[in-house]
Q: 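Here it is, the structure, as structure tokens.
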Amino acid sequence: MFRLKDLDILGSKAELAALPEGKLLINTINAHSYNTARKDELFAEALTNGDVLIPDGVSIVKACRWIKAKSQPKERIAGWDLFEFEMNKLEECRMKNVSRERPLTVMFMGSSEKVLDLIVKRATKVYPHLKIVTYSPPYKPEFSEEDNKAIIDAINAADPDLLWIGMTAPKQEKWTYSHWNELNIHCHVGTIGAVFDFFAGTVERAPMWWQRHGLEWLYRLLKEPKRMWRRYIIGNALFLFNVIFRERW
């Protein structure tokens, strides 16, 4: 059974700097993904068995404290925080070693060609020393064997120094976990679907005040009520129910 109180969750943004180099699967958890994992066995397995799980939600941080969970994260670590940390780290590394022959490559796998083009344009300005590679998979509920092979081949051919997977949860986590052993890469891999749109500018992230007060979810709800009401109104109520009645005993 998938239980929040048993999960290993990263404690703070500062701990990102201590993550080991090499092939590492980094996932996020928030109220929505928690609810989904309770009824999706493969998704639960992906979140439980990944290398790093970060608390992308104030509700997760507070719930861990309230139920006296195994992990006691001190703060929310948004997918955006992970993205900025990893990208800045790689950019600084490249700047310190500009003479090296091989460029440092960041790959964005997921989303549409339109979003990926916007990502490349912005990344060229914000991270000018990094090589950006993209791959847009077919837009369909499930990939065929040919689709999966094409994605895996593209990732392995790029041999990135950092890989971002963006296909929304739980698809991105399940796909990456299921094909982990087929990815012949040496880098950190983050499943951060929403960040693709934030960085591309196709979706506006909440202003800092909303973020600091743990209300980014409310900002998104007010911006897109028709699309987000079920996730945040029903989903938050379900999360609270699960924490109260299924996590404390």
Side-chain angles (χ1 to χ4, degrees), residues 8-29 50-56 73-111 115-137 151-167 172-173 175-177 179-202 205 208 211:
D8 289 312
I9 302 175
L10 202 69
S12 67
K13 296 174 186 176
E15 293 180 31
L16 291 172
L19 295 181
E21 298 295 328
K23 191 178 180 183
L24 206 68
L25 177 55
I26 308 173
N27 293 316
T28 68
I29 184 169
D51 297 300
V52 183
L53 189 60
I54 64 175
D56 184 11
K74 300 180 180 66
E75 60 183 337
R76 177 196 181 200
I77 309 172
W80 181 266
D81 297 322
L82 172 68
F83 175 78
E84 281 197 322
F85 174 82
E86 295 280 359
M87 293 294 284
N88 289 334
K89 178 182 175 182
L90 211 61
E91 174 75 6
E92 291 171 8
C93 179
R94 179 56 176 162
M95 289 175 65
K96 292 176 181 178
N97 297 276
V98 291
S99 61
R100 61 178 288 170
E101 293 182 6
R102 183 182 181 276
L104 291 177
T105 302
V106 180
M107 185 173 190
F108 291 80
M109 199 292 285
S111 198
V115 169
L116 293 176
D117 287 344
L118 291 170
I119 285 175
V120 171
K121 289 179 181 177
R122 185 177 178 191
T124 300
K125 298 177 181 178
V126 181
Y127 306 105
H129 296 90
L130 302 179
K131 177 183 176 182
I132 307 300
V133 176
T134 65
Y135 186 92
S136 180
I151 296 170
I152 293 165
D153 288 347
I155 292 173
N156 290 340
D159 189 22
D161 298 283
L162 181 60
L163 172 61
W164 300 117
I165 305 291
M167 298 186 290
Q172 59 194 12
E173 291 86 358
W175 186 91
T176 310
Y177 177 72
H179 299 282
W180 189 244
N181 293 332
E182 299 168 76
L183 299 178
N184 299 318
I185 53 178
H186 62 281
C187 65
H188 288 186
V189 180
T191 54
I192 53 165
V195 176
F196 279 46
D197 287 311
F198 292 152
F199 188 71
T202 52
R205 196 178 179 205
M208 192 56 64
Q211 295 179 42

Q: For Ala154 and Tyr135, work out which heavy atoms get closest and say how close.
A: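 For Ala154 versus Tyr135, the nearest heavy atoms are CB-CD1, 3.5 Å.
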Q: Taking side-chain hydrogen bond (donor to acceptor under 3.5 Å, both in side chains) as the test, write out the residues that go with Gln172, two or more places apart.
A: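 None.
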Q: Could you check whether any side-chain N or O of Asn156 sits under 3.5 Å from a backbone N or O of Asn184, counting only pairs where one atom can act as donor and the other as acceptor?
A: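 Side chain of Asn156 to backbone of Asn184, a donor-acceptor pair under 3.5 Å: yes, one is there.
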Q: To check you understand the geometry: which heavy-atom pair defines the closest contact between Thr105 and Ala158, and what is its length?
A: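 Scanning both residues, the minimum pair turns out to be CG2-O, 4.4 Å.
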Q: Check whether any side-chain heavy atom of Ile165 lies under 4.5 Å from a side-chain heavy atom of Phe108, and answer yes or no.
A: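 Of all side-chain heavy-atom pairs linking Phe108 with Ile165, none is under 4.5 Å.
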Q: Taking atom OG of Ser111 and atom CG of Leu118, what is their separation to the nearest 0.5 Å?
A: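 These two atoms lie 9.0 Å from each other.
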Q: Quick one: list whatever passes side-chain hydrogen bond (donor to acceptor under 3.5 Å, both in side chains) with Asp8, sequence neighbours left out.
A: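 By the side-chain hydrogen bond (donor to acceptor under 3.5 Å, both in side chains) rule, Asp8 matches Lys70.
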Q: Looking only at non-hydrogen atoms, find the nearest pair between Gly79 and Val195 and report the distance.
A: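 Answer, listing the atom of Gly79 first, then Val195: C-CG2, 3.6 Å.
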Q: Using 0.5 Å steps for rounding, measure from the CZ atom of Arg122 to the CG atom of Asp117.
A: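 So the gap between those two atoms works out to 15.5 Å.
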Q: Over 60° means perpendicular and under 30° means parallel, so tell me whether Trp164 and Phe83 are parallel, tilted or perpendicular.
A: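 It falls in the tilted class, 30° to 60°.
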Q: Side chains of Arg76 and Pro55: closer than 4.5 Å at any heavy-atom pair?
A: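 No, their side chains stay 4.5 Å or more apart.
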Q: Mind telling me whether Phe199 and Trp80 have parallel, tilted or perpendicular rings, with 30° and 60° as the class edges?
A: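 Ring orientation of Trp80 relative to Phe199: tilted.
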Q: Quick one: does any side-chain atom of His188 pair with a main-chain N or O of Pro20 as donor and acceptor, under 3.5 Å?
A: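 Confirmed, His188 side chain pairs with Pro20 backbone.
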Q: Mind checking what makes side-chain contact (heavy atoms from CB on, under 4.5 Å) contact with His186, not counting sequence neighbours?
A: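 Per chain and number, His186 pairs via side-chain contact (heavy atoms from CB on, under 4.5 Å) with Arg102, Asp159, Asp161.
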Q: Nearest 0.5 Å, what's the CD1-CG distance between Ile77 and Leu82?
A: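 The CG atom of Leu82 is 8.5 Å from CD1 of Ile77, to the nearest 0.5 Å.
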Q: What I'd like to find out is whether the side chain of Leu163 reaches to under 4.5 Å of the side chain of Ile185, using heavy atoms alone.
A: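 The answer is yes; the side chains approach within 4.5 Å.
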Q: For residues Leu104 and Lys131, determine if any side-chain heavy atom of one lies less than 4.5 Å from a side-chain heavy atom of the other.
A: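 When only atoms from C-beta onward are counted, Lys131 and Leu104 do not touch, as no gap falls below 4.5 Å.
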Q: Sequence neighbours excluded, which residues qualify as salt bridge (Lys or Arg N to Asp or Glu O under 4.0 Å) partners of Arg205?
A: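 Glu216.
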Q: Hey, are the side chains of Ile29 and Asp56 touching, using non-hydrogen atoms and a 4.5 Å cut-off?
A: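 No, their side chains stay 4.5 Å or more apart.
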Q: As a quick check of understanding, evaluate side chain to side chain contact (heavy atoms under 4.5 Å, CB included) for Trp175 and Ile151, giving each step before the final call.
A: CA-CA 11 Å; Trp175 186 91; Ile151 296 170; 3.4 Å; yes
Q: Among all residues two or more places apart in sequence or in another chain, which pass the side-chain hydrogen bond (donor to acceptor under 3.5 Å, both in side chains) test with Tyr127?
A: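 If we apply the side-chain hydrogen bond (donor to acceptor under 3.5 Å, both in side chains) test to Tyr127, skipping adjacent residues, there are no hits.
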Q: May I ask you to decide if Glu173's main-chain N or O and Thr191's side chain share a donor-acceptor pair within less than 3.5 Å?
A: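 Not confirmed, Thr191 side chain does not pair with Glu173 backbone.
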Q: Taking atom NE2 of His179 and atom CD1 of Ile155, what is their separation to the nearest 0.5 Å?
A: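 Separation between the atoms: 9.5 Å.
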Q: Would you say that Met107 contacts Thr134 through its side chain, given a criterion of any heavy-atom pair below 4.5 Å between the two side chains?
A: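 They are not in contact (no side-chain heavy atoms under 4.5 Å apart), so the answer is no.
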Q: Carefully, step by step, assess Glu92 and His129 under the rule side chain to side chain contact (heavy atoms under 4.5 Å, CB included).
A: CA-CA 9 Å; Glu92 291 171 8; His129 296 90; over 6 Å; no
Q: Starting at CG of Asp81, measure out to CG of Leu16 and round the result to the nearest 0.5 Å.
A: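 If I round to the nearest 0.5 Å, the distance is 8.0 Å.
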Q: Please round to the nearest 0.5 Å and tell me the distance separating atom CD1 of Ile192 and atom CE of Met167.
A: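 Reported to 0.5 Å precision, the distance equals 12.5 Å.
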Q: Would you sort out whether Ile54 and Ile26 count as a side chain to side chain contact (heavy atoms under 4.5 Å, CB included), showing the intermediate values?
A: CA-CA 8 Å; Ile54 64 175; Ile26 308 173; 4.3 Å; yes
Q: Mind running side chain to side chain contact (heavy atoms under 4.5 Å, CB included) on Glu91 and Met87 for me, showing each step along the way?
A: CA-CA 6 Å; Glu91 174 75 6; Met87 293 294 284; over 6 Å; no
Q: Measure the shortest side-chain to side-chain distance between Leu53 and Leu10 over non-hydrogen atoms and say whether it is less than 4.5 angstrom.
A: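 Answer no - side chains too far apart.
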Q: Find out whether Val189 and Trp180 are in side-chain contact, i.e. whether some heavy atom of one side chain is under 4.5 Å from a heavy atom of the other.
A: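 With C-beta onward as the side chain, the pair touches.
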Q: Which residue pairs pass the side-chain hydrogen bond (donor to acceptor under 3.5 Å, both in side chains) test with at least one member in residues 13-23, sequence neighbours excluded?
A: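 For residues 13-23, and leaving out neighbouring residues, the side-chain hydrogen bond (donor to acceptor under 3.5 Å, both in side chains) pairs sorted by first residue read Glu21-Lys89.
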